[in-house]
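A quick note: this is a predicted structure, and the numbers were derived from the prediction, not measured.
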Amino acid sequence: MRVGTITSVNFNQFKVKVSTEIRGNSVNLAGVIYYFGNIGSYLKTINSIGEQLICEVVSIFDSDMKVGSAAYDVDSSREILLKPIGTITREGRFNLGVGIFPSIYSEVNIVTFEDMELILQTNRDKELCKKVHQSFHLGESKNLINYPIDISINSFFNIHTAVLGNSGSGKSNTIAHIIQDIHKKKDYSAIGSRILIFDVNGEYRNAFEAHQKCQNLSVRFLKPNIEAAEDGYEPFFLPHFLMSIDEWSAFLMATDATQRPFWDKVLQESYKFYMISTREGHERQKLINYLRFKICNLLQTLHAQGDSETAIITAAKSIIYGIVELIKIDGELSTACREEGIIEDLQNLLASCTISFGENKDRLKNALQVVRQKVDDDYVREVMDFRATNEEFFDYRFLKQAANMALLEEDARGNGRIREYTSTMMTRLDFFLDNDNCLFMRRSPERVKKIEDYLDWLWQSKCTVSPQTNMVIIDTSELSRDALETLTSVTSRLHFSFRKKLKGTERREKPIHLVLDEAHRYIKKDSKYLLRENIFEQIAREGRKYALYLLISSQRPSELSGTVLSQCSNFIIHRIQNEVDMNYVYSILPYFSDDFANKIKQSVPGEALVFGNCVSMPLHVRIQQAFPEPNSENCKVHEEWFKEFQVPPPES
């Protein structure tokens, strides 16, 4: 239906004179009301080769309006300014941008719902529709009022996505609604979906707890640092032995120059201490032989310092006492050392540490030779050549023993400042061993010894009693910053490492989507980020090849890693009023004009701008409300302040 005629053509703007037959700001076309007189609404025209040009209304005014005239005159000369958006080709394909512009006096018509179906390509493969669920309902268009916006599941979820906006603008509702809408379809069972949510504010449980609302969704609610299942949550574990040297170094704040090599040695020695306490027979003898060698090596290194005998014997006593105390810490280790004669060797060495008139008269040296003769060098080389991988299980309690043993070795070499250099790291180690905030790292599920075991536990992949898990929600709301960064990074890295091992078509099976709530808290772009190698940047660059995707939610996009955000191809942007954040978002939208950025600033809660691979042109959408909603509603202060006082019942 004709709305008006183009009277002026510019490279980025068309002026249209509204037809005098049109009254008001809407028209009735085949029983459907179309509102064209709103800022942001759509109109179309045609160019000289028959292509349809889709335009957006950016301004409406009365060209004949005079001072003192009536505020509204339906007979006045109304004009509209249009901004061209894209082109529908003669073959029926929509492309952003305009190649050939319309001529002056070209007609301007209403964009119908049928046109929108062609623009958004919602006419899916009909045969495929019978087998799979291809799209989800996002909300209603703000540009073409009352038009429902459906988004292709494949184009939205097969690449990284960012949901940005100020606090309270509707980000949590958007994510919850999308997942709910996909899994509510009764005719389809999404048994292959895998969605992991890092719930930083504890909001999402409320949206997915009612299973009857999402019949096809099996959800696990996990929470770190709880002893047993409580309040609907299961304990979440992140076994320490699955952490890499980079992740340990980041958590312990270890420097590259001194502390990182030191900690690498500690991890290896921890594994060997654990092996001594658990192995039996010939294998245990090899490890005991290695420990005996370490003791001899310590004391021989001390002798080589060339100090006075009094200084050497004093230091030797200190080292022997330290080793005895290390062995006593663990009962199984102490038993193994006693049965294999290590305790007796230490007692003999200690007895030889005597001084008479400033001389030891080679008592310690002779005792050391006796112990050294028991050492099998072939076994020593075999144990020394063995290096545990990141996935080798060991008891975290041996970390302290191994660290102290490494410190004793450095002391014996004369490195008197090693304890000063490693003081911060050792303090962080004590924090890991003693603080309840790290309980989830010190414990592990039964029978978990490697990454595959851990992911099977997390997703209940081998569960035969209940359905396999489609969604895991980890409530991290009570974690400290360093524990949060460690949990999110290590859990994501384990998934990435596992996916990289897959070959051929397996890489495309059972895709995993990581929903990163409040992502700016652990995907920072500054140097304060604990992990030097940001795993999320690696996933953003390479994850698509292994069917591992990110869905980022953040209220501070300016604090996010630029690498991660630049790899996102779908954006849902709610209201952003902070100028720094707005400029950062605007920098990734170089082809949009200022009026588009103004829409972001002026959106009300629940509205968002959607653009990227998932839509053929930018859309202003009112997102449908999730049901149930996430627990993200603001406090109603006036109701809380003026509640009716309730008299507490008397105690019995």
Side-chain angles (χ1 to χ4, degrees), residues 239-241 262-304 316-353 363-413 444 447-450:
H240 60 279
F241 55 87
F262 178 86
W263 186 252
D264 188 32
K265 181 188 294 185
V266 168
L267 290 177
Q268 297 301 324
E269 296 302 320
S270 298
Y271 180 75
K272 289 164 186 171
F273 270 116
Y274 170 72
M275 288 289 97
I276 291 172
S277 68
T278 57
R279 294 289 177 89
E280 295 180 354
H282 190 57
E283 289 298 316
R284 188 172 78 173
Q285 290 175 2
K286 289 181 182 180
L287 293 161
I288 289 291
N289 179 75
Y290 172 76
L291 181 57
R292 187 177 278 114
F293 165 79
K294 295 284 286 187
I295 295 168
C296 293
N297 192 50
L298 279 173
L299 297 176
Q300 287 171 344
T301 303
L302 187 63
H303 260 292
K317 278 186 176 181
S318 175
I319 289 175
I320 294 169
Y321 276 127
I323 295 172
V324 170
E325 291 303 313
L326 290 180
I327 293 173
K328 284 182 179 179
I329 293 176
D330 184 79
E332 293 180 354
L333 177 63
S334 180
T335 299
C337 290
R338 183 174 292 105
E339 291 176 354
E340 298 294 336
I342 289 283
I343 300 298
E344 183 181 354
D345 291 339
L346 289 170
Q347 290 172 346
N348 292 336
L349 290 170
L350 190 59
S352 67
C353 292
R363 295 187 186 91
L364 177 58
K365 187 176 181 180
N366 293 334
L368 192 56
Q369 287 179 349
V370 173
V371 177
R372 184 66 177 85
Q373 289 174 357
K374 299 179 181 180
V375 175
D376 187 318
D377 291 336
D378 291 335
Y379 286 168
V380 170
R381 283 190 291 269
E382 182 180 338
V383 176
M384 288 183 70
D385 290 341
F386 174 76
R387 286 186 60 83
T389 66
N390 296 333
E391 302 172 31
E392 296 286 352
F393 176 83
F394 68 91
D395 196 316
Y396 69 89
R397 291 173 295 177
F398 291 106
L399 287 170
K400 191 72 171 180
Q401 294 168 310
N404 286 331
M405 175 67 84
L407 289 173
L408 289 174
E409 285 190 78
E410 295 299 325
D411 287 338
R413 292 192 181 102
S444 63
R447 296 183 296 278
V448 169
K449 302 296 181 184
K450 55 185 179 179

Could you measure the distance from the [atom1] atom of [X] to the [atom2] atom of [Y]? Nearest 0.5 Å is fine.
X    : Y    : atom1 : atom2 : result
C296 : Q373 : SG    : CD    : 10.0 Å
I323 : N404 : CD1   : CG    : 11.0 Å
I295 : R372 : CD1   : CZ    : 12.5 Å
L298 : L368 : CG    : CG    : 10.0 Å
I276 : I288 : CD1   : CD1   : 5.0 Å
F273 : C337 : CZ    : SG    : 8.0 Å

For residues [X] and [Y], report the shortest heavy-atom separation together with the two atoms involved.
X    : Y    : answer
D376 : N289 : N-OD1, 2.7 Å
L364 : L349 : CD1-O, 3.9 Å
K265 : A406 : CD-CB, 4.2 Å
L346 : I320 : O-CG2, 3.8 Å
Y290 : V383 : CG-CG1, 3.6 Å
K272 : L287 : O-CD2, 4.4 Å

Could you tabulate the donor-acceptor pairs under 3.5 Å formed by side-chain atoms of residues 393-401, not counting sequence neighbours?
residue : atom : partner : partner atom : Å
D395    : OD1  : R397    : N            : 2.9
D395    : OD1  : R397    : NE           : 3.1
D395    : OD2  : R397    : NE           : 3.0
D395    : OD2  : R397    : NH2          : 2.5
K400    : NZ   : D430    : OD1          : 2.6
Q401    : NE2  : L326    : O            : 2.4

task = Count the heavy atoms of every other residue, nucleotide or ligand shown that sit under 6.0 Å from NZ of K374, and state whether that count exceeds 12.
result = yes
message = A quick test of your reading: do over 12 heavy atoms of other residues, nucleotides or ligands sit less than 6.0 Å from NZ of K450?
response = no
Under a 4.5 Å cut-off applied to non-hydrogen side-chain atoms, are [X] and [Y] in contact?
X    : Y    : result
D264 : Q268 : yes
S352 : N366 : no
T335 : E339 : yes
V370 : N348 : no
Y271 : L267 : no

request  = For the pair L299 and V371, evaluate side-chain contact (heavy atoms from CB on, under 4.5 Å) and give the outcome as yes or no after the intermediate values.
outcome  = CA-CA 11 Å; L299 297 176; V371 177; over 6 Å; no
request  = Check the pair E340, R292 against salt bridge (charged side-chain N to carboxylate O under 4.0 Å, His left out), reporting the backbone distance first and the verdict last.
outcome  = CA-CA 10 Å; E340 298 294 336; R292 187 177 278 114; over 6 Å; no
task = Just do the side-chain hydrogen bond (donor to acceptor under 3.5 Å, both in side chains) check on E269 and Y274 with the steps written out, would you?
result = CA-CA 9 Å; E269 296 302 320; Y274 170 72; over 6 Å; no
message = With a 4.0 Å cut-off on N to O distance, would you call E392 and K449 a salt bridge?
response = no
ask   = Is R338 salt-bridged to E344, cutoff N-O under 4.0 Å?
value = no
ask   = Distance-only, no hydrogens or angles: does the S334 side chain make a donor-acceptor pair with backbone N or O of D330 under 3.5 Å?
value = no
task = Tell me, with the steps shown, if D385 and E382 meet side-chain contact (heavy atoms from CB on, under 4.5 Å).
result = CA-CA 5 Å; D385 290 341; E382 182 180 338; over 6 Å; no
